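Notes follow the structure.
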Amino acid sequence: MSEPADYTPRDWAAHPPYLTPEYKSTRLRAPKQRLLPLPQTLSELTGPLFGHDDMQPGDDDLTHVAGATAEAVGERIVVSGRVLDEAGRPVPNTLVEVWQCNAAGRYNHERDQHDAPLDPNFQGTGRCVTDEQGNYSYVSIRPGAYPWPNHQNAWRPPHIHLSLFGPSFLTRLVTQMYFQGDPLLPLDPIFNGVPAASRDLLVARYDHELTRPDFALGWRFDIVLRGRDATPMEN
C-alpha cells in the first residue's frame with residue numbers, strides 16, 4: 001500500500017487580498033469586518049453536478065458561433081493545460097468554463113460600451129471538461145487589451161477568465177490567465193494585486209508543441225487547486 005501524500009493546506013498568502021487600494025473597486029467591496037465561515041451541509045456538498053453531460057459539440061471552440069457564416073476575427077490560439085491537486089495528481093471530470101473579450105478588446109455584453117467593434121462571429125464564452133489525466137484544451141482567439149476607468153490611461157492586459165467547478169456549485173474557483181511577455185502586466189493593478197511570489201502562476205507560456213501548424217499558436221496554462229503552488233484565485 002502506497003504512502004499517502006503529505007497534506008498541503010491552502011496558502012492564503014498566495015491569493016490576492018480583498019483590499020488592494022490601487023485597484024479602486026476593492027476599496028468599496030472589500031469587507032470591513034472579519035469574515036465568518038459558513039459550514040457546508042450535505043445538500044451543498046452533494047448538490048447539482050457538472051460534467052460531460054453539460055458539454056455540447058463545439059463548446060471548446062470559441063472561434064465559431066452556431067449559425068454564424070464566418071469565423072471569429074483575430075489570432076487563433078490553442079490553450080491547454082492540466083488541472084492538478086496539491087500533490088501534482090490529475091483532477092479529472094472538472095468543468096472548465098472560459099470567457100474573454102474579442103480581438104479588439106470588447107466583451108459581448110451590454111455593459112461593455114468600449115469604443116471598439118463587436119465581432120458577430122465571436123461570442124466570447126466556452127467550456128471543456130478535464131480528462132482522466134486532468135488535461136483540458138480549447139481553441140479561441142487572442143483577446144485584445146482594453147481601457148478601464150481605474151486610473152489615468154489605464155489598460156487591462158489581454159487575459160482570459162477561467163472558472164472551475166468541482167463536485168458541487170459551492171466548489172467553484174475563478175481565476176485569470178495572462179500571456180507571457182505582455183508589456184502591460186507591470187502596469188496592471190489587478191495582476192499586481194496578487195502577491196509577487198505568485199504572479200508568475202497566472203501567466204501562460206508559449207508552447208511550440210501545442211502549436212498547430214498553419215492554424216494556431218499554442219499556450220500552456222496548468223492550474224493547481226491548492227497547496228504551495230496553488231494558482232491564485234479570486235476570493
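Given the structure is predicted, the values throughout are model-derived calculations rather than measurements.
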Fill in: Pair T63-I141, side chain to side chain contact (heavy atoms under 4.5 Å, CB included): steps then yes or no
CA-CA 7 Å; T63 65; I141 54 94; 4.0 Å; yes
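- Qualifying side-chain hydrogen bond (donor to acceptor under 3.5 Å, both in side chains) partners for R220, counting only residues two or more places apart in sequence or in other chains: D207.
- In terms of the side chain to side chain contact (heavy atoms under 4.5 Å, CB included) criterion, residue partners of R111 (sequence neighbours excluded) are, by chain and number, H109.
- Remark: P147 engages H114, W155 in a side chain to side chain contact (heavy atoms under 4.5 Å, CB included) (not counting sequence neighbours).
- A 4.5 Å side-chain heavy-atom check between D85 and L225 finds every atom pair outside the cut-off.
- Applying the ring pair (Phe, Tyr, Trp, His ring centres under 6.0 Å) criterion to Y23, with sequence neighbours excluded, gives W148.
- Residues that satisfy the side-chain hydrogen bond (donor to acceptor under 3.5 Å, both in side chains) test with D182, not counting sequence neighbours, are absent from this structure.
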With a 3.5 Å cut-off and sequence neighbours excluded, list the donor-acceptor pairs that the side chains of residues 183-202 form with protein atoms.
from	atom 1	to	atom 2	distance (Å)
D188	OD1	R156	NE	3.3
D188	OD2	R156	NH2	2.8
D188	OD2	F191	N	2.9
N192	OD1	R199	NH1	3.4
N192	ND2	L185	O	3.0
N192	ND2	P186	O	3.3
N192	ND2	D188	O	2.7
S198	OG	A14	O	3.4
R199	NE	V194	O	2.7
R199	NH2	N192	O	3.0
R199	NH2	V194	O	3.4
D200	OD1	R205	NH2	2.1
D200	OD2	R205	NH2	2.7

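- Partner T130 forms a side chain to side chain contact (heavy atoms under 4.5 Å, CB included) with one of I223, L164, T94 and no other, that one being T94.
- Distance CG/D131 to OH/Y136: 12.5 Å, rounded to 0.5 Å.
- Annotation: side chain of W219 is not in contact with side chain of L210 (no heavy-atom distance under 4.5 Å).
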message = Applying side chain to side chain contact (heavy atoms under 4.5 Å, CB included) to V96 and L162, what does each step give before you reach the verdict?
response = CA-CA 7 Å; V96 180; L162 297 98; 4.1 Å; yes
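- A distance-only check finds a donor-acceptor pair linking the side chain of R106 to the backbone of A116 [under 3.5 Å].
- A tilted orientation is assigned to the rings of H208 and Y206, their planes being inclined by 30° to 60°.
- The distance from atom CH2 of W99 to atom CD of Q176, rounded to the nearest 0.5 Å, is 8.5 Å.
- You'll find the side chain of E71 reaches within 4.5 Å of the side chain of H64, heavy atoms only.
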